[in-house]
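Here the structure is laid out as structure tokens; the discussion comes afterwards.
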Amino acid sequence: MRNPIIPQKAGDPFILHEGDNYYMTATGGGQKGLQEFVCWHSKDLQHWSEPVTILELSEVTWAKTNAWAPSMVEKDGWYYFAFCADQQIGIAVCKEPMGRYRDLLGRPLIAKQDYDFQTIDPAFLKDADGQIYLAFGQGKCMVSRIELTPGSAALTGELVCLSDALYDQRSVDRKKEDKSIYNEAPDLIRIGDRYLFSWAIYDVADYRYGVRYAWSRSPMGPYIMPLDFDHDNILLQGRHDITGCGHACVTEYQGEYYIVYGRHGQNRLDGFGRDMCCEKITFEDELHLKAVPSRLG
């Protein structure tokens, strides 16, 4: 891959993969900064269209700031767009993946007062049976089934804290937040008959911002990190002067898997002025994965 994959500064990507089409949304990348969401299209993860505005916060009644970290999913010919605004999660809907979305509920699906952690970073998973799941959260990671129609959206059934198992596996008290174990940006993808859960550690402006991962046989977990004396569960992390490689999504292309992520640009303290990059994931064996950040150019 030649990086960065787009000329615009952006981060927090999510890719909707449909056949040979890839639709990418992110934080930033448009002319209106954190007041709008845009979408790019590609056939090969390398060559991307110009960004198209799909939702502006001026069209949302309940929030006007911080258009962050969106996600997309298709169901029954409709496209659903989960997005952060004002540190809350909303749902929008459209008939086309790159069309103009409308706010579905007129209120947050998940409001900031609903939980004792920051309710940001939604990520959809559409399973092989058509069931859709939504993961979210900074500080803690929750997951639930979600029911979506053009007129409604609601979390249904059990709500599970995926990050609890990560703390338990390391014998760390769940009540003592440790950003080296879990911070934010969950991503879920089915690979074969297993589910890969990846997430960001540390903060976006931290040079150590990176991606850890775990596996499960169920989308609701528990997810087990492949920890042993020869490996840590780091999927992606910076090296040398390449820093801040985090908030990523994993997708498949021609039978191989790739990780798309933002990383620090020249101003390393600007968490939103990031370069969007893509790396191939190497499977050392059925448990251990690795992606190495490459030079720009």
Minimum heavy-atom distance between Ser152 and Leu104, given as atom pair plus value
O-CD2, 3.5 Å

Any side-chain donor near an acceptor of the partner, Gln35 and Ser58, under 3.5 Å:
no

Roughly how far, to the nearest 0.5 Å, is CD1 of Ile89 from CD1 of Ile110?
4.0 Å

With a distance cut-off below 6.0 Å to the six-membered ring centre and an angular limit of 45° from the axis, does Arg194 pair with Trp215 as a cation-pi contact?
yes

Could you check whether Trp40 and Gln8, counting side-chain N and O atoms only, form a donor-acceptor pair closer than 3.5 Å?
yes

Only one of Glu177, Glu184, Gln87 passes side chain to side chain donor-acceptor pair (under 3.5 Å) with Gln138, and that residue is Glu184

Supply the atom-to-atom distance His288 NE2 to Asp230 CG, rounded to the nearest 0.5 angstrom.
8.0 Å

In terms of heavy-atom contacts, does CZ of Arg2 have more than 12 from other residues, nucleotides or ligands at under 6.0 Å?
no

Asn66 vs Thr27 side-chain heavy atoms within contact, under 4.5 Å
no

Would you say Leu105 and Val60 are hydrophobically clustered, going by side-chain heavy atoms of ILVMFWY under 4.5 Å?
no

Could you go through the side-chain contact (heavy atoms from CB on, under 4.5 Å) check for Leu188 and Val143 one step at a time?
CA-CA 10 Å; Leu188 297 172; Val143 68; 4.1 Å; yes

Taking only residues two or more places apart in sequence or in another chain, which ones pass salt bridge (Lys or Arg N to Asp or Glu O under 4.0 Å) with Asp203?
Lys179

With heavy-atom distances below 4.5 Å as the criterion, would you say the side chains of Ile281 and Val250 are in contact?
yes

One pair to check against salt bridge (Lys or Arg N to Asp or Glu O under 4.0 Å): Arg145 and Glu158. What are the steps and the verdict?
CA-CA 8 Å; Arg145 291 186 178 93; Glu158 186 180 12; over 6 Å; no

Are Asp164 and Lys140 close enough for a salt bridge, meaning some N to O gap below 4.0 Å?
no

Could you walk me through whether Tyr80 and Trp78 pass the ring-ring contact (aromatic ring centres under 6.0 Å, His included) check?
CA-CA 7 Å; Tyr80 296 90; Trp78 290 86; 7.3 Å; no

Shortest non-hydrogen separation from Lys43 to Tyr253 and the atoms involved
O-CE1, 3.6 Å

Using side chain to side chain contact (heavy atoms under 4.5 Å, CB included) as the criterion, point out the one residue from Asn183, Asn233, Leu166 that pairs with Arg212.
Asn233

Only counting residues at least two apart or in another chain, list the ones meeting salt bridge (Lys or Arg N to Asp or Glu O under 4.0 Å) with Glu147.
Lys75

Residue pair His231, Leu287: steps toward the side-chain contact (heavy atoms from CB on, under 4.5 Å) verdict:
CA-CA 10 Å; His231 301 89; Leu287 289 180; over 6 Å; no

Any idea how Tyr22 and His17 line up, ring-wise: parallel (<30°), tilted (30 to 60°), or perpendicular (>60°)?
parallel

If you define the side chain from C-beta out and look only at heavy atoms, does anything of Lys9 sit under 4.5 Å from Arg274?
no

Is it the case that over 12 heavy atoms from other parts of the model lie below 6.0 angstrom from the CD atom of Gln113?
yes

Non-hydrogen side-chain atoms of Ile201 and Ile181 separated by less than 4.5 Å:
no

Can you tell if the side chain of Ile234 reaches within under 4.5 Å of the side chain of Lys290, non-hydrogen atoms only?
yes

Are Lys64 and Asp86 close enough for a salt bridge, meaning some N to O gap below 4.0 Å?
no

Kindly work out whether a path of hydrophobic side-chain contacts (I/L/V/M/F/W/Y, heavy atoms less than 4.5 Å apart) joins Trp199 to Tyr133.
yes

To the nearest 0.5 Å, how far apart are OG1 in Thr156 and CG in Leu159?
10.5 Å

So CD1 of Ile242 and CG of Leu296: to nearest 0.5 Å the spacing works out to 7.0 Å

Between Gly30 and Val38, the two heavy atoms sitting closest are CA-CG1, 3.8 Å

What pair of heavy atoms forms the shortest contact from Ser71 to Ala123, and how long is it?
OG-CA, 3.6 Å

Output, in order, the C-alpha distance, side-chain angles, deciding distance and verdict of side-chain contact (heavy atoms from CB on, under 4.5 Å) for Leu45 and Met1.
CA-CA 8 Å; Leu45 299 181; Met1 286 287 175; 3.6 Å; yes

Go through the side-chain N and O atoms of Thr53 and Glu36 and say whether any donor and acceptor fall under 3.5 Å apart.
yes

Rounded distance [0.5 Å steps], CG in Leu34 versus SG in Cys84
11.5 Å

Please assess Leu55 against Arg102 for the test side-chain contact (heavy atoms from CB on, under 4.5 Å), listing each intermediate value before the final yes or no.
CA-CA 7 Å; Leu55 180 68; Arg102 62 173 174 86; over 6 Å; no

Geometric cation-pi criterion Arg208 and Tyr202, 6.0 Å radius, 45° cone
yes

Distance-only polar pair, side chains of Ser42 and His47, donor-acceptor under 3.5 Å
no

Considering all heavy atoms of both residues, which atom of Tyr213 and which atom of Met225 are nearest to each other, and what is their separation?
O-CG, 3.8 Å

Testing Trp68, Trp62, Phe136 one by one against Phe83 for a ring pair (Phe, Tyr, Trp, His ring centres under 6.0 Å), which residue passes?
Trp62

State, with a plain yes or no, whether a side-chain heavy atom of Thr25 is found less than 4.5 Å away from one of Leu16.
no

Examine the side chains of Tyr195 and Arg190 and answer whether a donor and an acceptor come within less than 3.5 Å of each other.
yes

Are Glu74 and Lys126 within salt-bridge range, i.e. N to O under 4.0 Å?
yes

Ring pair (Phe, Tyr, Trp, His ring centres under 6.0 Å) with Phe81: which of Tyr23, Phe124, Phe37?
Phe37

Heavy atoms, side chains only, cut-off 4.5 Å: are Asp178 and Tyr167 in contact?
yes

Could you give the distance from OH (Tyr101) to CD (Glu96), rounded to the nearest 0.5 Å?
9.0 Å

Answer with yes or no whether the hydrophobic clustering places Leu162 together with Leu125; edges join I, L, V, M, F, W, Y residues whose side-chain heavy atoms lie under 4.5 Å apart.
yes

Heavy atoms of Pro97 and Met72 approach each other most closely as O-CE, 3.2 Å

Salt-bridge test for Glu56 and Lys32: reply yes if a basic N is under 4.0 Å from a carboxylate O, no otherwise.
yes

Taking 4.0 angstrom as the limit, do Arg263 and Asp275 come out as a salt bridge?
no

Is any side-chain heavy atom of Asp187 closer than 4.5 Å to one of Phe197?
no

Co-membership, hydrophobic cluster, residues Tyr209 and Tyr207, 4.5 Å side-chain
no

Looking at Arg295 and Asp241, is any side-chain nitrogen of the basic one under 4.0 Å from a carboxylate oxygen of the acidic one?
yes

Any side-chain donor paired with an acceptor under 3.5 Å for Glu279 and Tyr261?
yes

